[in-house]
Amino acid sequence: MPATKYIIVTGGVLSGLGKGIAAASIGHLLSARLKIVPIKCDGYLNVDPGTMNPFEHGEVFVLDDGGEVDMDFGHYERFLGIRCKSKWNLTMGRIFHMVREKERKGDYLGKTVQYIPHVTDVIKNHIYKIAEEESADLLIVEIGGTVGDIENELFLEAMRQMKEDVGRENIVYLHLTYVPIPHGVHEQKSKPTQQSVNLLKQRGIFPDIIIGRCSEYLTKEIRLKISNFCDVSPEAVVTGLDVDDIYEIPIVFEKEGLAEILHKKLNIYSPPDLRRWKKLVENTRNPKSEITVAICGKYTKLEDSYASIIESLNHCSAHLRCRIHLQWIETTDLKDASVLNDMNGVIVPGGFGSRGTEGKIEIIRRAREENIPFLGLCLGLQLAVVEYARNVCHLEGANSTEFDPDTPFPVIDILPEQKDIKEKGGTMRLGAYEAIVKEGTMISRLYKSHSISERHRHRYEVNPEYHKILTDTGLVFSGTSRDGRLVEFIELPELRYFVATQAHPELKSSMEEPSPLFYGFVQASSGAG
Ligand code: GLN
């Protein structure tokens, strides 16, 4: 069997240059003939990002297997069309946990347990094991953070050591840096790249490829300069162009010859076929219709906190040739729902805690009464049920026990299996669960399947004691768990599009296969449904 190949992706100068998108785009370029597994190493001491506020860390991405992982896995899945596994996200918290377990078991008996070799061995062995288990042709290992950060030193050291284990011909080190064009200077500058590559070299890593993030294509001069100072060949200096649409990045990399460089360096052959991808990107650029969608969010770093929702809408833009403008609505101090006046549709996304919930309920009421297309996601379903219970079933004061433990009508209540759970890490109802679809519903038309699987992340559910009163008054449960206890999808059939789900369908949407629920929502909002 040919040896597994490795591409190690590091970043320098600045955080937020788009290492995840670069890694995912490289994966996309090489995926035609290779089985690719993406790995992300994060230096923080949390075991996973599940307990972090999205405000700090961006969206928590959930996988089929229930793993709560870094949001870069969203990019990997969306660009590669694969399903990732939680063990592919390696945090320093998880590594230390493994080292400590080994120490307690006596695996290191008599030894002093040290960062090198013990911690670095655990990192490397974890990675090699994944390569073997997955029979992967290529592992793309992204190191979070920026070279020089204390947090990622051990990961970098492990990456340095890897070339000895796997052979220099089987590993490529790729460094993403920043090439600024300072205001008034009008010239691409290479110094930050030189300094960042020096930091990497001090750690024994000599990059083979440098991607320079820049607002324009890198000039011949700067490529030569970086090549000279950083000791890479000029064709291995590649532009990481600023783009409005992240799906253009594989196209930029193809144009820059990145696939050929990687083929040459790793002795692989997997020529990219971007025909369909380019067509979709072209569609996004040339919309035939335009809509404005309201999203009722509460996290201020909106772009990161709701990344998958934004991307799901982008996928619909490409497939339906519809430009979608987003209008963020902070519902904490919402005076009235007139903010919906010029909206073509409204999304109420997932969330935790009571802040802003009454405002969201008011928005949902307005969407229902005025027949504005509505899509509720997780908390969005729960609040749609609360609204319906209060205003249609006349259960005054109905609420979720998450927000009002003493509500007279607990239409949303904690899942029975969640009642005695005290620990917070990884204990929600997480991952892929099946829903059985009711014939003749919107859900059945959109998914074209009797049984569907979407990902979940919640502790509360529609209280089974209220199923009857809700359905008797016209709410349709269009998808439930097989035993009928858990309500997975609801809809109001007489409206244009009033659909909500207990799941997070945004987590499975990809450029090549948009989420049916978002697709139906955008169709309805643009009047095409
Ligand atoms: N807070 C709600 C629950 O735990 C909704 C969660 C969510 O929207 N992801 O059930």
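Indexing begins at 1, ligand by ligand and atom by atom, following the structure's order.
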Next item on the list: Quick one: sort the F477 and H467 rings into parallel, tilted or perpendicular, breaks at 30° and 60°.
Entry: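 Perpendicular.
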Distance only, no hydrogens: is a donor on one side chain within 3.5 Å (strictly under) of an acceptor on the other, for [X] and [Y]?
| X | Y | answer |
| --- | --- | --- |
| S451 | E434 | yes |
| Y306 | E311 | no |
| E454 | T501 | no |
| R429 | H458 | yes |
| R78 | S510 | no |

Nearest neighbour in protein (non-hydrogen) for [atom]:
| atom | answer |
| --- | --- |
| atom 9 (N) of ligand 1 | R457 O, 2.8 Å |
| atom 8 (O) of ligand 1 | G351 N, 2.9 Å |
| atom 2 (C) of ligand 1 | E402 OE1, 3.3 Å |
| atom 7 (C) of ligand 1 | C378 SG, 3.0 Å |
| atom 3 (C) of ligand 1 | R459 N, 3.5 Å |
| atom 10 (O) of ligand 1 | Y460 N, 2.9 Å |

Check: S478 pairs by side-chain hydrogen bond (donor to acceptor under 3.5 Å, both in side chains) with which of R445, E488, E491, E439?
Finding: E491
Checklist line | Sub-4.0 Å heavy-atom contact, E461 with ligand 1 | finding: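 Outside the 4.0 Å threshold, so no.
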Note to self: Taking a cutoff of less than 4.0 Å between a non-hydrogen atom of the residue and any ligand atom, is Q382 in contact with ligand 1?
What the structure shows: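 So Q382 counts as touching ligand 1.
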Margin query: Check this for me: E513, atom CD, are more than 12 non-hydrogen atoms of other residues, nucleotides or ligands nearer than 6.0 Å?
Written below: no
Next item on the list: For G350, counting its heavy atoms only, list the atoms of ligand 1 lying under 4.0 Å from any of them.
Entry: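 In order of numbering, the contacting atoms are 8 (O).
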Margin query: Using a 4.0 Å heavy-atom cut-off, which part of M428 comes near ligand 1: side chain, backbone, both, or neither?
Written below: neither
Next item on the list: Report the part of H458 in contact with ligand 1, treating N, CA, C, O as backbone and CB onward as side chain, heavy atoms under 4.0 Å; options are side chain, backbone, both, neither.
Entry: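 The answer is both, backbone and side chain.
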